[in-house]
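A short worksheet on the structure shown next.
When reading the values below, keep in mind they use all heavy atoms of this one structure, side chains included, and skip hydrogens, waters and symmetry mates. We count ligands from 1, going down the list as the structure has it; atoms in each ligand are counted the same way. FYI, the numbering just counts along the sequence from 1.
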Amino acid sequence: MFRKLFFEGIPMKVTRVVAGAAVAAAVLVSLNAQGAPAAPAKPAAAPEAAAIAAHGGDASTLRALAKRTGVRIGTAVDMAALADDTTYRERVAAEFNSVTAENVMKWQFLEPERGVSDFAAADELVDFARRNGQQVRGHTLLWHNQNPAWLTSGVNSGEIDAAELRQILRQHIYTVAGHFRGKVYGWDVVNEVIDDNGNLRDTFWLRMLGPGYIADAFRWAHQADPKAKLYLNDYNVEGINAKSTKYFELAKQLRKDGVPVHGFGMQGHLGVQYGFDGTALDNVLRFEKLGLETAFTEVDVRMILPVDNPKLQAQAAGYTLLLQACLLAKRCVSFTVWGFTDKYSWVPGFFSGQGAANLLDENFAPKPAYQAVSNSLTLAGR
Ligand code: 9MR
């Protein structure tokens, strides 16, 4: 499948597979250029590598099927499950070629004490990914949730004023994007900065720093890691609506101002009880017309429990809608699920009475949605 891609600003016709390989090579080169330990040409043999073969090998895993489409297939990773649950670990390795930290790259975990960085858990994920030939999406440099207590209490008490907050944010972005330079291929630079009515979200960032904090965050991230793809990321922006339209206007303005924004991330937290918005592809395409790449970054499709067959079918349709929008678009580079087994999912804890949002059930058995994703990738590949 030949597609028109823009690589380093030069329009070229390449297969997406070739483009993916070029990106991987660039990551290796940049690692070496920074004096980091030279990456081996092939990922070192690891127990997880055997798992890839054990789960159908190259022929049938999602990552093998996705490779033939040029769209990366990713999952959020729960580090506790990765440490404790062998089946989970094997499936992460076997099925996905991209990973996102579900939590451990958030500020709360990276700087629990002011001035003291703790990269241990995040580095573990980066190492796991390297051993298994996977790429890493960075999530997230700036959010209104999961910030360290010292930061939120300092802001709330007035101990940290606007000028200091700006310095703190800049330092955080330099430190974190700098630490992972060459190790993550992209960052959700700002997460959820627009509300459902299409206004800039009322957060302490906006109240204290004014709307310019968004452009600042992108500029600082670009300074710290000039090769990383820098993303706006949010939920309820999969279709054309007030919120996604505000992002469209914001992205257009930022690009016009020369701010280094490269991508639009649509989280994709859907629920079968709401139905699905058929404008997803049009939405993706309008962002791509601005010159941005796109990605589905946190897909899951929840349901009101108990599970039944019609809900499972609807769930499969929800996954399919978003995946096909990505496959049909020209510059949609990845499709990431927010967890892949119902055994570990944020959904039941946040939406009472809801769950079963993932591709595999709590025993790692594939649901119709897994089959649907697999079929879409199979049919889209070449
Ligand atoms: O899945 C994450 C969960 O473990 C955390 O407790 C939660 C805290 O708010 O964040 C979840 O991940 C969120 C992501 O970082 C941003 N988009 C919404 C995700 C689901 O809430």
Side-chain angles (χ1 to χ4, degrees), residues 74-85 88 92 96 98-112 121-122 124-125 136-149 151-152 172-173 176-177 180 184 186-196 201-205 214 217 221 230-239 243-244 247 263-271 274 294-303 315 318-319 322 334-360 362:
T75 184
V77 175
D78 172 335
M79 292 309 288
L82 196 74
D84 299 342
D85 185 331
Y88 179 90
V92 174
F96 301 98
S98 171
V99 291
T100 305
E102 183 171 0
N103 284 300
V104 299
M105 285 193 190
K106 294 170 182 173
W107 200 335
Q108 176 183 39
F109 293 92
L110 294 181
E111 196 183 353
E124 224 172 273
L125 180 61
V136 183
R137 271 199 105 246
H139 174 81
T140 170
L141 295 173
L142 182 152
W143 196 19
H144 58 277
N145 281 330
Q146 290 185 289
N147 289 308
L151 178 63
T152 45
H172 170 70
I173 291 176
V176 174
F180 294 107
V184 304
W187 273 107
D188 292 329
V189 175
V190 296
N191 191 42
E192 302 173 3
V193 293
I194 290 176
D195 67 25
D196 284 350
R201 186 183 285 276
D202 181 19
T203 65
F204 68 88
W205 297 116
I214 296 174
L230 303 181
Y231 274 69
L232 297 156
N233 191 56
D234 214 322
Y235 61 88
N236 285 353
V237 293
E238 297 74 28
K243 189 173 185 178
S244 63
Y247 269 105
F264 183 57
M266 296 150 285
Q267 293 181 5
H269 295 292
L270 307 183
Y274 305 119
T294 55
F296 288 95
T297 56
E298 306 184 10
V299 181
D300 53 19
V301 184
R302 62 186 182 271
M303 59 187 69
Q315 176 178 60
Y319 276 97
L322 299 186
S334 65
F335 182 86
T336 295
V337 293
W338 206 242
F340 61 93
T341 163
D342 294 338
K343 189 171 179 184
Y344 305 103
S345 168
W346 68 287
V347 170
F350 279 72
F351 299 99
S352 153
Q354 298 185 44
N358 304 106
L359 298 174
L360 307 180
E362 53 286 325

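In terms of modelled atom types and a separation under 3.5 Å, the side chain of S244 and the main chain of G239 share a donor-acceptor contact. Without hydrogens or angle criteria, D78 side chain to A81 main chain gives a donor-acceptor distance under 3.5 Å.
Listed by atom number, the atoms of ligand 1 under 4.0 Å from H269 heavy atoms are 18 (C), 19 (C). Listed by number with element, the atoms of ligand 1 under 4.0 Å from a non-hydrogen atom of N191 are 16 (C). Atoms of ligand 1 found under 4.0 Å from any heavy atom of H139, numbered from 1 in the order shown, are 14 (C), 15 (O), 16 (C).
With hydrogens left out, the protein atom closest to atom 2 (C) of ligand 1 is E102 OE2, 3.5 Å, a heavy atom. When only non-hydrogen protein atoms are considered, atom 5 (C) of ligand 1 lies nearest to N103 OD1, 3.5 Å. Among protein heavy atoms, the minimum distance from atom 12 (O) of ligand 1 is reached at W338 NE1, 3.3 Å. For atom 18 (C) of ligand 1, the closest non-hydrogen atom of the protein is E298 OE1, 3.3 Å.
Here the two rings, on F351 and W346, have centers that are under 6.0 Å apart.
Salt bridge annotation for D195-R201: absent, with no cationic side-chain nitrogen under 4.0 angstrom from a carboxylate oxygen.
Judged by a 6.0 Å distance limit and a 45° cone about the ring axis, R137 is positioned over the six-membered ring of Y231.
If you take OH on Y319 and CZ on F296, they are separated by 13.0 Å, rounding to the nearest 0.5 Å.
Side-chain atoms of Q108 and N103 include no donor-acceptor pair closer than 3.5 Å.
Among W143, W346, F350, the residue whose heavy atom lies nearest to atom 20 (C) of ligand 1 is W346. The residue from Q108, E192, K106 that puts a heavy atom closest to atom 10 (O) of ligand 1 is K106.
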